[in-house]
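First up is the structure itself, then whatever we jot down about it.
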Amino acid sequence: MRLLALAFLASLLAAGPASAAGSGTADDFKAGVGGLVAQLGNPSAGPAAIHAGKAKLIAAAFGDQVDGVDAAQAIAGLDCVSLNVQKARNTKAKRAVKARMAAAGRCLAGVAGVDTKTIKNALAAVAARASAGRAYGAKATALRKLQSRMVAKRFGGATLHGIAFADVYDDIECIDVKVEAGRRSGALSCAKRLLRRAKTLAPAKDPITFGSDLGGTPTALPATFDPEDTEFWTAALTVPADGTITTFRVKTGDSPIDLPLRFSVVRPSGNGTVTVVTTTNPVYPLPAHDAGVHTYATSSLSFACCKVQKGDIVTVDNSGTTTRDAYVWFAPQAGATTFSHTSDGDSQNAGAVWTPITHQGYETLVQVVLQPG
C-alpha cells in the first residue's frame with residue numbers, strides 16, 4: 001500500500017512551470033482534498049484507509065514535470081524518507097529501527113533534481129543516534145525541514161493550481177507523518193490548510209459565454225404586448241455553471257423609441273413557471289434607432305450582481321410601452337422558441353412568479369458572459 005501511495009504521490013506532485021496546473025482540474029483537486037479532510041475527521045477511518053484516500057486523490061490530480069526534472073520521483077523519495085524515519089520513531093526495537101532507517105536510505109535511490117548527498121548525510125546522522133539508542137527526534141525534525149527547504153529551492157517557481165509547489169509538499173508530507181505518528185488532529189489541520197489554499201489560490205476559470213451567437217438579423221416579434229412589464233428569454237439563456245454574470249450583450253435593430261432595459265435571473269419552478277431571483281438596477285439605456293450590439297457590464301450596477309446557479313435563466317426586460325414593434329432584439333430561427341411574460345405591478349422583483357407564453361421560430365438576441373466559480 002505504501003509503494004502504491006508513493007506512486008500515486010509521484011503523479012500528483014510532478015508539477016509543470018508556474019503557469020501549469022497539472023493533469024487534473026482545480027475543482028477536482030479541491031474535491032479530493034475535501035474528501036481527505038472528511039476521512040481524517042472520521043474516527044473510524046484508520047491510517048490505511050486514509051493513505052488509500054490520499055492515493056485516490058493523487059492519482060486523479062497531477063502528472064506533469066517541472067522544467068524537465070522528474071519532480072514526482074524527487075517528492076515521492078523525500079516523502080518516503082520522512083515516513084520511514086517516523087515509523088522508526090514509533091518503535092523501540094533496535095532491529096526494527098535499523099530496518100526502517102535502511103529503508104529510508106533506499107527511498108533516495110534514483111532521485112534526481114535535489115541534493116540527495118546532503119540528505120543522506122543528515123539521514124546517516126539520524127540513523128547513528130537511533131542505532132546507539134540515543135534520542136533523535138530533534139535530528140529527525142531537522143531532516144524534515146532540510147527536505148522542505150530543498151523542495152522550496154528546487155521548485156520555487158512552480159505552482160499546482162495556484163498553490164506554491166513547496167506548500168503542497170509540506171502539507172501532504174505533514175499529513176503522512178502525523179498520521180503515522182498517531183496525531184490525527186495534526187494531520188487534519190494540515191489537510192484543512194491545503195484545502196484553504198486550494199480554495200483561495202486556484203487560478204480564475206475562463207469566462208463562459210452563452211446564449212445567442214448574435215448572428216441573426218434583428219426584427220420585432222409578430223406579436224402585440226400590453227403596455228406593462230415585459231420579459232423575454234430562450235432555452236439558450238440557461239446558465240451552464242455556478243458563477244457570476246459579468247456582461248450582457250443585446251443585438252437590436254432600429255427601435256423607434258428609447259427603452260430602459262433590465263436583465264433578470266429567474267429559476268425554473270418545475271411546474272412550467274419561473275421565479276425571479278434578482279433583477280439589475282438601475283436600468284441600462286437603449287437609445288432609439290441605435291441598431292447594433294450593445295454591451296452592458298454588471299460592474300456599473302448599484303448592487304453586486306449577478307450570482308447565479310447552474311440551471312438559472314437570464315431574461316431581457318422592459319418596463320413596457322404602447323409603441324408597436326419597439327422590441328427589436330429577436331431573429332427568425334428554425335426550431336427556436338422565445339418565451340415571454342407580461343404583467344403589471346412589480347413583476348421583476350425577487351420572488352415574482354412568471355407563467356411564460358411561447359413564440360415559435362424566434363431566438364432572443366441576448367448573449368451573457370459568466371465568470372464561473
Side-chain angles (χ1 to χ4, degrees), residues 1-15 21-63 71-72 74-91 100 103-104 107 137 140-145 147-148 151-152 155 158-202 373:
M1 177 63 71
R2 186 62 227 152
L3 291 177
L4 177 61
L6 286 174
F8 285 146
L9 180 63
S11 66
L12 167 65
L13 290 171
S23 60
T25 68
D27 282 346
D28 291 338
F29 185 53
K30 284 185 284 187
V33 177
L36 188 58
V37 167
Q39 273 191 306
L40 286 164
N42 179 5
S44 65
I50 293 169
H51 287 313
K54 195 182 74 170
K56 183 178 179 181
L57 161 69
I58 292 166
F62 300 99
I75 298 300
L78 299 183
D79 182 70
C80 177
V81 170
S82 295
L83 279 171
N84 277 282
V85 171
Q86 181 57 48
K87 288 181 177 181
R89 296 179 67 187
N90 293 344
T91 179
R100 285 298 177 188
C107 292
T141 299
L143 173 62
R144 292 181 61 200
K145 291 181 178 180
Q147 294 178 162
S148 177
V151 172
F155 307 112
T159 61
L160 299 176
H161 297 309
I163 311 170
F165 196 94
D167 288 340
V168 177
Y169 166 73
D170 285 347
D171 286 337
I172 286 178
E173 191 258 8
C174 167
I175 293 168
D176 257 351
V177 169
K178 291 188 183 301
V179 165
E180 292 297 332
R183 297 171 59 188
R184 178 71 69 94
S185 62
L188 179 58
S189 294
C190 292
K192 287 182 175 179
R193 181 173 59 199
L194 183 56
L195 182 58
R196 288 194 300 270
R197 285 169 168 163
K199 288 180 176 179
T200 59
L201 299 177

Could you pull out the closest heavy-atom pair between [X] and [Y], with the gap in Å?
X    : Y    : value
A202 : A198 : CB-O, 3.3 Å
G46  : R184 : CA-NH2, 4.1 Å
A181 : N90  : CA-OD1, 4.2 Å
G34  : L195 : N-CD1, 3.9 Å

Got [X] and [Y] here, is their nearest side-chain heavy-atom distance under 4.5 Å?
X    : Y    : value
I163 : F29  : yes
K87  : T91  : no
D171 : R197 : yes
L40  : V179 : yes
L83  : E180 : yes

Can you tell me how far [atom2] of [Y] sits from [atom1] of [X], rounded to the nearest 0.5 angstrom?
X    : Y    : atom1 : atom2 : answer
R196 : K30  : CZ    : NZ    : 15.0 Å
D176 : D79  : CG    : CG    : 4.5 Å
C174 : D167 : SG    : CG    : 12.0 Å
K178 : I50  : NZ    : CD1   : 14.0 Å
Q86  : T141 : CD    : OG1   : 8.5 Å
K145 : D170 : NZ    : CG    : 11.5 Å

Counting only N and O atoms by type, is there a donor-acceptor contact under 3.5 Å from the side chain of [X] to the main-chain atoms of [Y]?
X    : Y    : answer
Q39  : A49  : yes
S148 : R144 : no
R183 : V177 : no

Identified side chain to side chain contact (heavy atoms under 4.5 Å, CB included) partner of C190 from the options L36, V37, I175
I175
